Amino acid sequence: MDRISIAAPVFNGNEKKYLNECIDTGWVSANGRFIKEFEKKFAEYCGCKYAIACCNGTVTLHVILAALGIGPGDEVIMPTLTYIATANAVKYCGGTPVFVDSEKGTFNMDPKKIEEKITEKTKVIMPVHLYGLPADMDPIVEIAKKHNLVVVEDAAEAHGAEYKGKRVGAIGKVGSFSFFGNKIITCGEGGMIVTDDKELYDKMVLLKAQGVSPEKRYWHNMVAYNYRMTNMQAAVGLGQLERIDWHLGQRKRIAELYKKYLKGFEEYMVLQEEPAGCKSVYWMSNVILQPKVKKQRDQVMAEMEARNIEMRPVFYPMHIMPPYYDETVNCPVAEEVSARGISLPSHALLTEDDIKYICESMKEIVKEP
Ligand SMILES: *Cc1c(COP(=O)(O)O)cnc(C)c1O
């Protein structure tokens, strides 16, 4: 049997046609029709007025925080359980990420543990919609309002996910997406910012593209960045976005199959929970090994690998890794989810037989002493 990989991009729309158009017309760099179209369609898709395409989903976060004026002394509240880009973007600005524990069932930032982290230096709350599941946004937005903080959504993993009928990225003041190769839709590397705020949008446009004056070519009023997306990336991204319903349908199909084949096995492993009001896009399906499983998580993963099934550990909490190590941070839930969590193969090309094989293998392996 071929190795079952954790992720695989699928290009079954206009991606190739659009990409060829870039090469045939010479519009391969940061100008061209696909950038504008991708931005426009992505903004519409999220229900936002503005979108800004960038070269990845890390610099999008950097641009957002820079435009919000985050700098030395400023604190940004975020979950400790996330991908490292969320924290790094704060560091790039000279700010300090402040880490909050997770909820056990959803893995997302626990809103009940946010307020205790707020100080007079706090400027931003940055929830992450982990593995495609919306964070609990109502209490987050409420806390932000009460303390006069800005909500920035890191929606890198959650294109199309909905919280109480609203698409993520459009719930806070500004949202960020990634189009890395393993994300829900991809253009190789890429990112997008969405917002309804015109003033913030104008600032971010400048920061993304060397701060060039809109009135005078090659005139620069500030030090900014080159974080542009190319027309070739946007061509692929637009082709993907046109078929996002298909991509989301596949993720849903995979998640349903995991539910079906792991049903009745909750004593050994439980899937990430999807609370009422949240519509996950299941970027990754994850299980948490329960105390009844005597093996270490890494051993379970190694035994699955030996059966030709690629596995991924759930993210490590930021506060246990060298760049952000802090033993005073108390986040036991995130530590447990991370220590016992496994991401399962979750891409669109998996068949029901693949999922069955993965689940049967998991069941055998976790039952053994
Ligand atoms: C993927 C990801 C990003 C951005 O990643 P890039 O590879 O830079 O596009 C940011 N935050 C989270 C939570 C992610 O998963």
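None of these values were measured; they are calculated from a predicted model. Worth knowing before you read on, the calculation uses all heavy atoms, side chains too, and leaves out hydrogens, waters and symmetry mates.
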Legend entry - Donor-acceptor side-chain pairing of S343 and N286 below 3.5 angstrom: yes
Legend entry - Heavy-atom neighbours of K367 NZ exceed 12 at 6.0 Å: no
Inset, instruction - Please check if any side-chain donor atom of E360 sits under 3.5 Å from a side-chain acceptor atom of Y261, or the reverse. - result: no
Legend entry - Heavy atoms from other residues, nucleotides or ligands near CD of E266 exceed 12 (cutoff 6.0 Å): yes
Inset, instruction - Check whether the side chains of Q240 and E15 place a donor and an acceptor atom closer than 3.5 Å, and report yes or no. - result: yes
Inset, instruction - Report yes or no: is the cationic atom of K363 (NZ for Lys, CZ for Arg) closer than 6.0 Å to the six-membered ring centre of F265, at no more than 45° off its axis? - result: yes
Inset, instruction - Indicate yes or no: at least one non-hydrogen side-chain atom of C55 is less than 4.5 angstrom from one of E189. - result: no
Legend entry - Interatomic distance, M229 atom CE to C54 atom SG [nearest 0.5 angstrom]: 7.5 Å
Legend entry - Sole residue of F179, Y45, F180 in ring-ring contact (aromatic ring centres under 6.0 Å, His included) with H159: F179
Inset, instruction - Look at the side chain of T80 and the backbone N and O of M318, then say whether any donor-acceptor pair between them is shorter than 3.5 Å. - result: yes
Inset, instruction - Look up atom CZ in F107 and atom CG in L133, then write down how far apart they are to the nearest 0.5 Å. - result: 9.0 Å
Legend entry - Under 3.5 Å: donor-acceptor pair, side chain of D202, backbone of E199: no
Legend entry - N-O pairing of R3 and E305 below 4.0 Å: yes
Legend entry - hydrophobic_cluster_shared for L81 and M311, side chain cutoff 4.5 Å: no
Inset, instruction - Quick one: sort the F99 and Y324 rings into parallel, tilted or perpendicular, breaks at 30° and 60°. - result: perpendicular
Inset, instruction - Drop me the distance from T96's OG1 to K123's NZ, to the nearest 0.5 angstrom. - result: 10.5 Å
Legend entry - Student check: side-chain heavy atoms of I125 and M109 closer than 4.5 Å: yes
Inset, instruction - Report yes or no: does N88 contribute a side-chain atom to a donor-acceptor pair with the main-chain N or O of A85 at less than 3.5 Å? - result: no
Inset, instruction - Answer yes or no: does atom CD of Q296 have more than 12 heavy-atom neighbours from other residues, nucleotides or ligands under 6.0 Å? - result: no
Legend entry - Minimum side-chain heavy-atom gap Q250-L248 below 4.5 Å: no
Legend entry - Where E368 and K295 come nearest, the two heavy atoms and their spacing: OE1-NZ, 2.8 Å
Legend entry - Short side-chain donor-acceptor distance under 3.5 Å, E153 and Y163: no
Legend entry - Other residues, nucleotides, ligands: >12 heavy atoms within 6.0 Å of D24 CG: yes
Legend entry - Residue pair P111 / D136: nearest heavy atoms and the distance that separates them: CG-CB, 3.8 Å
Legend entry - Nearest atoms (heavy-atom pairs only) where V194 meets C46: CG1-SG, 4.1 Å
Inset, instruction - Assign the ring pair F315 / Y83 to parallel, tilted or perpendicular, where the plane angle (0 to 90°) is split at 30° and 60°. - result: tilted
Legend entry - Pairwise distance CD1(I193) to OH(Y50) - rounded to 0.5 angstrom: 14.5 Å
Legend entry - Any donor-acceptor N or O pair under 3.5 Å, side chains E256, Y282: no
Legend entry - Nearest heavy-atom neighbours spanning C93 and I70: CB-O, 3.4 Å
Legend entry - Crowding at CD, E327 (>12 non-hydrogen neighbours, <6.0 Å): no
Legend entry - Same cluster (ILVMFWY, side-chain, under 4.5 Å), F38 and M232: no
Legend entry - Salt-bridge present (E44, K40; N to O < 4.0 Å): yes
Legend entry - Shortest non-hydrogen contact from M78 toward P97: CE-CB, 3.8 Å
Inset, instruction - Give, for atom OG1 of T58 and atom OH of Y227, the distance between the pair rounded to the nearest 0.5 Å. - result: 9.5 Å
Legend entry - Closest approach of T195 to L200 (non-hydrogen atoms, all atoms of both residues): OG1-CD2, 4.3 Å
Legend entry - Spatial distance of atom CD1 (I140) from atom CD1 (I171) [nearest 0.5 Å]: 9.5 Å
Inset, instruction - Side-chain contact test, heavy atoms from C-beta onward, threshold under 4.5 Å: evaluate it for S361 versus I309 and give yes or no. - result: yes
Inset, instruction - Please check if the side chain of H147 supplies one atom and the backbone of L149 the other of a donor-acceptor pair under 3.5 Å. - result: no
